[in-house]
Amino acid sequence: MYDPTVARLTYRALLGRRRALILGALPLLLIAISLVVRALAGADDQTAADLLGGLALATMVPIIGVIAGTGAIGPEIDDGSVVYLLSKPVKRPTIIFTKLIVAVAVTMVFSALPTLIAGFILNGNGQQIAVAYTVAALVSSIAYAALFLLLGTVSRHAVVFGLVYALVWEALFGSLVPGARTLSVQQWSLAVAHKVSGGDLVTSDVGLTTATVFLVAVTVLATWYAGQKLRALTLAGEE
């Protein structure tokens, strides 16, 4: 289910000079803001939770997920080079699964690690806030990567749709419409973070059991359907 050659090509595409600069910009911004906040306000648990929840989990993680998930396959479909990949004796689900692993790894490195660093800067992991939000970033990285990899497979406008979901649906509707929060990767990951922190500073509108079911279901279904769409693309190309 994992092909090293496909993985190497995907890593090379995702970590090219221009895309690497984009991926690194938000983590550096988060750490810089954390340093400034710590210098001005000192160590404060509520401030740490607000910054990690509002900037790291709600903004940085989904945007990086969009870049990594759609970038893992979208450009190859757009420029037609995916036909060369599909001509190789590699199963289509293997291609998708390998690209998912790469997208998840890149999203985790560029989101979870900076979240942990920022959390320790802000309050030294008081009340397990840094670890809780890091776990949330790790968990959401998997779901985001799967969702946006699927978008990259089915649409040429995957980046636009991904940003609409991440910044409009989750950030806007998720804060205004209570029912929308149930269908939010951010809220699902916050449920896991709440369990890790064990306190009231990290909260979610979704229960842990529901969140876990949704996280697993979305990841599995998105990965499976992306494989089906890639198989259909292969048949279309052969015809």
Side-chain angles (χ1 to χ4, degrees), residues 1-3 6-7 10 14 57-58 61-78 82 85-86 90-108 111-112 135-171 173-174 177 179-193 195 204-236:
M1 291 299 292
Y2 181 85
D3 187 272
V6 175
T10 307
L14 285 179
L57 194 63
V61 180
I63 289 179
I64 291 176
V66 169
I67 297 171
T70 61
I73 196 170
E76 293 176 310
I77 293 178
D78 290 342
V82 71
L85 179 62
L86 297 178
V90 182
K91 294 181 179 179
R92 306 307 175 249
T94 298
I95 294 175
I96 289 295
F97 185 75
T98 301
K99 287 182 174 293
L100 174 64
I101 294 299
V102 173
V104 168
V106 170
T107 306
M108 285 182 172
S111 61
V135 171
L138 290 170
V139 169
S140 59
S141 293
I142 301 172
Y144 281 131
L147 276 174
F148 298 138
L149 179 64
L150 172 60
L151 279 178
T153 306
V154 301
S155 174
R156 291 181 178 272
H157 306 288
V159 174
V160 175
F161 291 137
L163 290 175
V164 167
Y165 171 81
L167 301 180
V168 177
W169 176 263
E170 292 209 340
F173 285 94
V177 183
R181 298 169 190 166
T182 306
L183 301 177
S184 167
V185 174
Q186 178 187 341
Q187 291 297 322
W188 304 339
S189 61
L190 281 173
V192 180
K195 179 66 175 180
S204 173
D205 294 320
V206 182
L208 180 61
T209 301
T210 301
T212 303
V213 170
F214 274 122
L215 284 167
V216 173
V218 164
T219 301
V220 172
L221 290 175
T223 304
W224 171 80
Y225 191 60
Q228 297 304 305
K229 294 300 291 184
L230 193 63
R231 182 178 288 113
L233 178 65
T234 305
L235 294 175

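Values below: all heavy atoms of this structure, side chains included; hydrogens, waters and symmetry mates excluded.
Taking each heavy atom of Ala137 and Val61 in turn, the nearest pair found is CB-CG2, 4.0 Å. Of all non-hydrogen atoms in Leu208 and Ala191, the two that sit nearest each other are CD1-O, 3.9 Å. In plain terms, the two heavy atoms of Arg92 and Arg231 that are nearest each other are CG-CA, 4.2 Å. Of all non-hydrogen atoms in Ile95 and Val6, the two that sit nearest each other are O-CG1, 4.3 Å. For the pair Ala136 and Ala193, the tightest heavy-atom approach, listed with the atom from each and the gap, is CB-CB, 3.8 Å. Shortest non-hydrogen contact noted between Ser140 and Val185 is CB-CG1, 3.8 Å.
Considering Thr223, Thr10, Thr94 in turn, Thr10 is the only one that fulfils the side chain to side chain donor-acceptor pair (under 3.5 Å) rule with Lys99.
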Under the criterion side chain to side chain contact (heavy atoms under 4.5 Å, CB included), I'd like the reasoning laid out for Leu221 against Tyr225: C-alpha separation, chi angles, the key distance, then a yes or no. CA-CA 6 Å; Leu221 290 175; Tyr225 191 60; over 6 Å; no
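In this structure, the side chain of Thr98 does not engage the main chain of Ala7 through any donor-acceptor pair within 3.5 Å. Remark: the backbone N or O of Val66 is paired with a side-chain donor or acceptor of Thr70 at under 3.5 angstrom.
With sequence neighbours left out, Leu190 forms a side-chain contact (heavy atoms from CB on, under 4.5 Å) with Leu57, Tyr133, Gln186, Gln187, Val202, Ser204. Looking at residues two or more places apart in sequence or on another chain, you find a ring-ring contact (aromatic ring centres under 6.0 Å, His included) between Phe214 and Trp188.
The stretch residues 207-222 participates, sequence neighbours left out, in no salt bridge (charged side-chain N to carboxylate O under 4.0 Å, His left out) pair at all. Screening residues 207-226 for salt bridge (charged side-chain N to carboxylate O under 4.0 Å, His left out), with sequence neighbours left out, gives no hits. Applying the salt bridge (charged side-chain N to carboxylate O under 4.0 Å, His left out) test to pairs two or more places apart or on separate chains, none has a residue in residues 143-154.
To the nearest 0.5 Å, atom CG of residue Leu138 and atom OG of residue Ser111 are 7.0 Å apart. The structure places CD1 of Ile142 at 8.5 Å from CG of Leu100, a figure rounded to the nearest 0.5 Å. One distance of note links CD1 of Ile73 with CG of Leu14; it measures 11.0 Å at 0.5 Å rounding. To the nearest 0.5 angstrom, Met1 atom CE is 8.5 Å from Lys91 atom NZ. Rounding to the nearest 0.5 Å places CG of Leu215 at 10.5 Å from OG1 of Thr210.
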Could you pull out all donor-acceptor pairs under 3.5 Å where a side-chain atom in residues 143-158 meets a protein atom, sequence neighbours excluded?
from   : atom 1 : to     : atom 2 : distance (Å)
Tyr144 : OH     : Glu170 : OE1    : 2.5
Thr153 : OG1    : Leu149 : O      : 2.9
Ser155 : OG     : His157 : N      : 2.9
Arg156 : NH1    : Asp78  : OD1    : 3.4

